[in-house]
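Below you'll find the structure, written out as structure tokens, and then a few comments.
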Number of protein chains: 2
Amino acid sequence: MSSLLFLSRTGLSAGRLLIRNGGGRYTVVSPELYSLCHKSSSKFSVRCLTGATGEHTRGSSYGRRALFAAGAAVIAGVVASFSQFQKAEMKSATPQSRSNEVENDVLEKCRTFMSAPVTDVGTLQKNKEDIKSKMELLIMETQAEVCRALAEVDGSAFKVDRWHRKEGGGGISCVLQDGNVFEKAGVNVSVVSGYLSEEAAQQMRSRGKPLKGKDGKLPFCAMGVSSVIHPKNPHIPTIHFNYRYFEIEEEDGTKLWWFGGGTDLTPTYLDKADAAHFHKTLKDACDQHNPKLYPDFKKWCDKYFFIKHRGERRGIGGIFFDDLESPSKAEVFEFVKSCAKAVVPCYIPIVKKHVNDSFTSEEKHWQQLRRGRYVEFNLIYDRGTKFGLATPGSRIESILMSLPLTARWEYMHEPHKGTKEAEILDILRNPKDWV
Amino acid sequence: MSSLLFLSRTGLSAGRLLIRNGGGRYTVVSPELYSLCHKSSSKFSVRCLTGATGEHTRGSSYGRRALFAAGAAVIAGVVASFSQFQKAEMKSATPQSRSNEVENDVLEKCRTFMSAPVTDVGTLQKNKEDIKSKMELLIMETQAEVCRALAEVDGSAFKVDRWHRKEGGGGISCVLQDGNVFEKAGVNVSVVSGYLSEEAAQQMRSRGKPLKGKDGKLPFCAMGVSSVIHPKNPHIPTIHFNYRYFEIEEEDGTKLWWFGGGTDLTPTYLDKADAAHFHKTLKDACDQHNPKLYPDFKKWCDKYFFIKHRGERRGIGGIFFDDLESPSKAEVFEFVKSCAKAVVPCYIPIVKKHVNDSFTSEEKHWQQLRRGRYVEFNLIYDRGTKFGLATPGSRIESILMSLPLTARWEYMHEPHKGTKEAEILDILRNPKDWV
């Protein structure tokens with residue numbers, strides 16, 4: 001389900017980034033420039049020339065990151081495209097009323113994001129109590145938290161692509177490719193809306209409940225954060241997570257809503273302590289809401305990430321759920337929030353523990369073969385990928401950034417008994433409880 | 001459609017190979033031993049110890065290849081498993097009658113194969129005029145011809161795995177992996193029979209004609225040769241071919257039959273002369289039967305090997321056809337035979353032309369990205385792969401040996417205008433006529 005939301009693409013040139021300059025203001029630049037700035041930097045420290053004079057300054061947003069608009073052409077673009085986002089900030093320059101304080105809350109959050117949200121900040125402020133606004137802020141916040149944590153470990157910056165969907169909405173794709181620690185790390189946000197065919201809507205739900213639309217079409221809204229992180233070192237596992245929210249309106253005006261999501265780990269080699277830490281962190285997040293959730297969603301995860309033709313799971317699991325619509329919208333949102341907040345603590349300590357582990361070419365080789373299996377699962381079984389690829393106008397690059405940088409397939413490869421390779425394979429064939 | 005026929009696996013230990021020893025007799029050995037013999041050899045020259053004494057001799061079958069049974073355990077297995085195949089040969093040791101001459105024809109052919117056919121030689125001899133026997137001999141012959149030609153160029157031998165299908169039939173998988181010239185070369189034969197569900201049968205046909213079975217089950221027989229050859233050098237293209245025959249019996253006893261097949265080329269870089277040679281050779285094979293065939297099947301090929309989500313074809317095409325059932329069984333068989341016979345002449349000259357071409361790391365890099373696209377097509381769209389993976393008991397290793405040894409996915413990779421990479425991409429997006 002990693003890519004369920006990456007619908008439609010209208011070209012990057014249509015997207016612009018709002019970035020904060022030295023004076024605390026937001027500026028619009030092209031994603032290409034934003035990426036360029038990031039490429040020449042390490043961690044969060046970005047230095048780009050401003051204007052033609054070569055002057056540069058430093059901002060304070062994104063941790064130690066400083067972002068600057070550069071070049072006359074860009075400045076021209078900025079002037080032409082000054083948006084709602086800046087207007088919102090200008091309003092907040094007079095913080096008098098309670099309403100303005102509320103606006104400040106939202107705006108302050110947005111300042112920590114990898115890019116401006118898909119929905120304009122004014123609308124988010126106005127509908128602050130709406131679950132859609134809350135979810136959009138949560139997925140943007142999760143994207144920023146995860147990217148910050150990964151970039152800090154890696155020492156490289158993420159390439160940020162903002163894309164627009166002609167039919168409604170858009171997304172922000174953050175990718176760190178061929179870094180120091182990570183082979184490929186992608187963290188996507190998308191917020192899309194429009195009309196779905198009944199058939200497409202059916203694919204979005206794991207249960208077979210029929211949906212009735214007007215003339216076969218259903219107004220929908222879907223948003224989510226989705227990520228796959230493939231590290232270079234075979235002793236650091238791959239992680240995937242995805243948290244999403246859907247709304248569909250039926251013919252008679254009934255509004256259906258549900259949440260879905262999950263976080264799961266795919267190690268090349270088994271480290272029992274890592275597995276226990278990972279599952280325990282997820283269990284703790286679930287247990288805050290209901291002690292039944294973790295055991296159910298752990299089982300669902302093992303069932304979902306099953307590579308049927310191999311008789312193996314993709315990894316050592318985690319949690320997975322879909323169509324979650326009870327006890328209430330607010331309670332499910334709080335549960336999803338806890339899960340999203342658990343991503344960094346369940347994964348980053350494992351990364352840091354193994355980041356300096358040495359490894360052999362044989363271990364790298366086994367990692368590459370397991371990467372092949374990851375590709376098999378994602379291209380053959382993953383519902384989100386299948387749905388995305390089958391949807392005309394999908395943003396393919398965001399859907400398929402879940403694929404590893406490199407993978408390998410060998411004919412009739414089977415590890416010898418008693419090896420570390422056979423050990424993990426046994427777990428993938430016979431999943432166990434870790435908490 | 002590369003792997004349509006690789007149904008079911010009962011474990012390699014169940015399979016045995018009939019190989020010719022120094023005295024011209026056939027002997028049964030385990031595939032593991034056969035593979036071991038091949039590994040230690042180059043080209044067709046294989047030396048294995050016979051018995052415990054270390055004595056070895058040389059045979060004359062398979063070109064310069066000599067194959068020997070080895071070890072007391074194997075000898076015991078041989079004695080226990082002496083089969084129909086040897087009995088058939090013993091009969092032919094008294095070549096008196098016309099019937100014996102006929103038997104000699106079939107047997108002589110079988111001696112050039114990579115392994116004994118799936119159907120026992122006695123049955124093939126008895127039903128020599130039946131299209132099923134003719135097709136099985138043709139696919140075995142094609143496998144042997146292609147493997148011989150590839151092994152000669154590579155200087156390495158194929159690993160031969162013979163597998164048995166519990167429900168009926170079996171196959172022979174020949175794989176050359178990580179050779180001198182070829183990254184991965186697989187040539188599969190399978191001959192299977194049993195019962196298909198109406199749903200599965202439907203997937204086998206490209207047209208939507210409904211099939212009615214007794215209690216929803218249809219007796220079927222399917223056989224074919226299927227191959228994907230991935231060379232190491234990015235200047236040598238990948239080739240795929242597959243020729244297959246089906247029979248299905250409907251509820252009322254009606255027997256349906258059809259042929260399918262095709263040969264197509266996937267170069268990393270465009271070589272116009274190669275493209276013209278490849279298509280011209282296929283066109284000549286088609287034109288012997290009907291001048292309309294090549295243009296129709298060339299178009300069908302471009303349509304079939306389309307990676308929809310990328311808007312690209314997998315390669316520069318060739319020919320593709322399915323459900324071919326006219327003008328007559330005999331005539332379609334002759335057409336398929338011409339196509340199968342064209343595989344070596346359409347491809348091997350291209351391999352030989354480029355085998356010593358030097359290449360840069362950038363060219364290898366582009367090849368790896370294109371390999372990624374090959375994986376996308378095979379796992380997402382290929383009907384044969386999908387059908388195979390969805391069929392319980394499929395021999396997965398034979399189905400997925402079409403995947404390259406290594407592949408690569410980069411986020412947002414797009415070649416610069418005017419480069420060789422952009423040139424081939426343009427052809428993949430806008431296929432052209434080569435003859």
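Just so it is clear: chains get the letters A, B, ... in the order the sequence lines come, proteins before strands, and each one is counted from 1.
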*Is there a ring pair (Phe, Tyr, Trp, His ring centres under 6.0 Å) between A:Phe377 and A:Tyr304 once you walk through the steps?*
CA-CA 10 Å; A:Phe377 179 83; A:Tyr304 180 77; 5.8 Å; yes
*asked:* Please rank B:Arg310, B:Arg408, B:Met401 by heavy-atom pairs under 4.5 Å with chain A and give me the top one.
replied: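 Looking at each of B:Arg310, B:Arg408, B:Met401 in turn, B:Arg408 comes out on top.
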*Under a 4.5 Å heavy-atom cutoff, which of B:Gln368, B:Lys184, B:His309 has the most pairs with chain A?*
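Among the listed options, the one with the most contacts to chain A is B:His309.
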*asked:* We want to know whether B:Asn188 and B:Arg395 form a side-chain donor-acceptor pair, criterion being a heavy-atom distance below 3.5 angstrom.
replied: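 Per modelled atom types, B:Asn188 and B:Arg395 side chains form no pair under 3.5 Å.
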*Side-chain donor-acceptor pair under 3.5 Å between A:Asn378 and A:Ser402, yes or no?*
yes
*Can B:Arg370 and B:Glu312 be counted as an ion pair, charged N to O under 4.0 angstrom?*
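Salt bridge present between B:Arg370 and B:Glu312.
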*Region of A:Gln177 that comes under 4.5 Å of a non-hydrogen atom in chain B*: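 Interface part for A:Gln177: side chain.
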*Give, as side chain, backbone, both or neither, the part of A:Arg371 having an atom under 4.5 angstrom from any heavy atom of chain B.*
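No part of it gets close to chain B.
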_Residue among A:Leu405, A:Leu369, A:Leu379 with most heavy-atom pairs under 4.5 Å to chain B_ =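 Option with the top pair count is A:Leu405.
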*Would A:Glu414 and A:Arg429 satisfy salt bridge (charged side-chain N to carboxylate O under 4.0 Å, His left out), going step by step from the backbone distance to the final call?*
CA-CA 13 Å; A:Glu414 180 74 28; A:Arg429 287 171 182 169; 3.3 Å; yes
